[in-house]
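I have placed the structure first, in the form of structure tokens, so that the comments after it can refer back to it.
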2 protein chains.
Amino acid sequence: MRTLTRKGAATRQRILEGAAAHIREYGVAATTLDDVLARTATSKSQLFHYFPGGREELLLAVARLEADHVLEDQRPQLGELTSWPAWRSWRDKVVDRYRRQGRLCPLNAVMSQLGGATPGAQAVVTELMRRWQAEIATGVRHMQDAGEIDPALDPDRAAAALLAGIQGGVLIQMSTGETTHLEAALDMGIAHLRAGA
Amino acid sequence: MRTLTRKGAATRQRILEGAAAHIREYGVAATTLDDVLARTATSKSQLFHYFPGGREELLLAVARLEADHVLEDQRPQLGELTSWPAWRSWRDKVVDRYRRQGRLCPLNAVMSQLGGATPGAQAVVTELMRRWQAEIATGVRHMQDAGEIDPALDPDRAAAALLAGIQGGVLIQMSTGETTHLEAALDMGIAHLRAGA
DNA sequence: TCAAAAATGGACTGTCAAGTCCAGAAACCG
DNA sequence: CGGTTTCTGGACTTGACAGTCCATTTTTGA
């Protein structure tokens with residue numbers, strides 16, 4: 001696979017998105033390569049042509065795709081945390097996003113399937129967390145510059161705590177189906193920022 | 001299996017604990033029934049004798065076992081959140097527990113393997129979260145009665161937020177190996193309680 | 001003590017899914 | 001064009017693992 005023709009790129013994309021869709025619907029464990037082939041009208045040889053590493057490589061690619069979605073779905077609010085209403089608006093967007101998504105969290109699913117073991121898988125999540133936290137921290141600094149948050153507060157640590165709350169809230173939602181915890185965590189995190197005004 | 005002889009109960013227990021141990025070491029996906037049999041010096045017929053539901057039933061039993069450990073490992077501190085030093089002590093215990101555990105989180109692993117789908121699996125986690133949150137909330141109420149926390153604060157909601165932070169902190173630790181987020185979340189959660197003194 | 005119930009060993013089966021292979025079709029490019 | 005690369009179809013191999021079965025041994029309790 002030195003180069004990729006237009007047709008080839010399209011096929012690769014079709015497989016990737018088909019896999020992602022199937023995983024979102026049925027979960028990782030219940031997704032076989034044959035399922036993906038059936039859904040995308042492709043053949044084994046095509047899948048292994050574009051993903052020589054087989055199932056694992058495909059899963060990793062799906063993880064990357066989903067990881068990108070996570071931040072994209074928070075745009076533009078995540079990048080504009082420059083006023084309290086903006087924070088509120090972001091908070092609502094996050095809650096809404098995960099409420100829509102329901103119980104399934106494709107990324108978490110794929111991750112625990114690949115096992116934290118594989119270095120590639122770990123990198124995807126770590127990188128996502130790093131970027132997510134950095135964007136939140138930037139928002140905190142904005143507010144500090146505007147005099148809305150106590151300058152003594154460590155923006156990275158505050159962002160870390162908030163991020164952890166979000167992750168946990170989503171995780172709990174996966175079992176309960178409720179976004180109560182996610183909302184509580186976000187509200188508390190933001191309230192804590194405000195408290196140090 | 002109308003009744004269980006002493007010997008039978010011992011064998012069942014051996015299988016259960018052997019499975020839990022193997023899962024903690026190698027993860028769920030990398031744990032086959034044969035692995036468990038080899039490790040516990042038992043045979044297929046024994047495993048299916050005590051866990052007629054096969055792999056799924058065994059995994060569920062392991063999940064229950066691990067879920068019980070989670071709260072037990074926080075004793076006695078979790079039940080005695082009656083002063084700020086006590087909260088601090090609990091916080092340290094939680095951090096220490098997960099630091100020791102390292103990257104693996106058997107419960108989360110088992111859960112995502114069983115898929116949130118199965119009703120039994122869901123119940124285990126939901127119940128654990130409910131109890132955990134209730135104990136934290138009780139601690140908050142204690143502090144309110146003692147006049148250390150603003151009575152206007154909703155104890156259940158605060159506990160929910162704190163719990164979410166813990167879950168997320170642990171989840172992130174599974175990828176990064178660091179307890180930074182867990183600590184940040186706990187510290188922020190407790191600080192927020194204190195703020196409303 | 002002895003018959004019934006429980007426990008055990010381990011070979012066997014069936015299934016299912018990942019990954020391989022090669023022949024042939026389509027696309028690219030000088 | 002025509003040779004070369006890329007792409008595609010799908011049958012086949014391989015291996016692994018969950019679950020079954022039955023004969024045999026051990027324990028129980030009257």
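Atom pair B:R12:CZ and C:dT8:C1' shows a separation of 17 Å (rounding to whole Å applied). As a whole-Å value, the separation of B:F51 CZ from C:dA7 P is 13 Å. In this structure, the CD1 atom of A:I15 is 13 Å from the C1' atom of D:dG9, given to the nearest Å. D:dC12 atom C1' lies 13 Å from atom CG of A:D34, rounded to whole Å. Distance A:E57 CD to C:dA18 P: 15 Å, rounded to the nearest Å. Counting to the nearest Å, the C1' atom of C:dA17 and the CG atom of A:L47 are 13 Å from each other. A:L33 places its CG atom 17 Å from the P atom of D:dA11, with the value rounded to the nearest Å. Rounded to a whole Å, the CZ atom of A:R14 is 12 Å from the C1' atom of D:dC7.
By the salt bridge (charged side-chain N to carboxylate O under 4.0 Å, His left out) test, A:R100 is found to be paired with A:D96, residues two or more places apart in sequence or in another chain being considered. Considering only residues two or more places apart in sequence or on other chains, B:R75 meets the side chain to side chain contact (heavy atoms under 4.5 Å, CB included) condition with B:L71, B:E72, B:L78, B:E135. Here A:S83 pairs with A:P85, A:A86 under the side chain to side chain contact (heavy atoms under 4.5 Å, CB included) rule; sequence neighbours left out. Under the ring-ring contact (aromatic ring centres under 6.0 Å, His included) criterion, B:W132 pairs with no residue at all, not counting sequence neighbours. Residues satisfying the side chain to side chain contact (heavy atoms under 4.5 Å, CB included) test with B:D145, not counting sequence neighbours, are none.
Put simply, A:Y50 has no side-chain N or O that comes within less than 4.0 Å of OP1 or OP2 on D:dT6.
Both A:I23 and A:L37 belong to a single network of hydrophobic side chains, linked directly or stepwise wherever heavy atoms of I, L, V, M, F, W or Y lie under 4.5 Å apart.
Taking for each of B:T32 and A:Q46 the nucleotide of DNA chain D with the nearest heavy atom, the 5'-most of the two is the partner of A:Q46.
Within residues 36-45 of chain B, the residues that have a heavy atom under 4.0 Å from DNA chain D are, in order of number, B:K44, B:S45. A heavy-atom distance below 4.0 Å to DNA chain C is reached by none of the residues of residues 23-31 of chain A.
A salt bridge does not link B:E148 to B:R194: none of the charged side-chain nitrogens sits closer than 4.0 Å to a carboxylate oxygen. The existence of a salt bridge linking A:E183 and A:R99 is confirmed by a sub-4.0 Å separation between a basic side-chain nitrogen and an acidic carboxylate oxygen. Note on A:R88 versus A:D92: salt bridge recorded, some NZ/NE/NH1/NH2 to OD/OE distance being below 4.0 Å.
Relative ring orientation between A:W87 and A:W84 is described as tilted, the plane-to-plane angle lying within the 30° to 60° band.
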Readout for nucleotides 23-30 of chain D: B = base within 4.0 Å of protein heavy atom, S = sugar-phosphate only, - = neither; 5' to 3' it is ---SSS--
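In the hydrophobic clustering, B:M188 connects to A:M188, either directly or through intervening members, whenever side-chain heavy atoms lie under 4.5 Å apart.
Pairs of residues two or more places apart, or lying in two chains, that qualify as ring-ring contact (aromatic ring centres under 6.0 Å, His included) and include a residue from residues 7-46 of chain A are A:H22-A:Y26. Pairs engaging residues 24-37 of chain A under the salt bridge (charged side-chain N to carboxylate O under 4.0 Å, His left out) rule: A:R24-A:E66, A:E25-A:R39, A:D34-A:K44 [sequence neighbours left out].
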So B:R141 and B:D156, side chain to side chain contact (heavy atoms under 4.5 Å, CB included) or not? Walk me through it.
CA-CA 9 Å; B:R141 284 196 200 89; B:D156 286 308; 3.2 Å; yes
Please list, pair by pair, any protein nitrogen or oxygen found under 3.5 Å from a nitrogen or oxygen in nucleotides 2-4 of chain D.
none

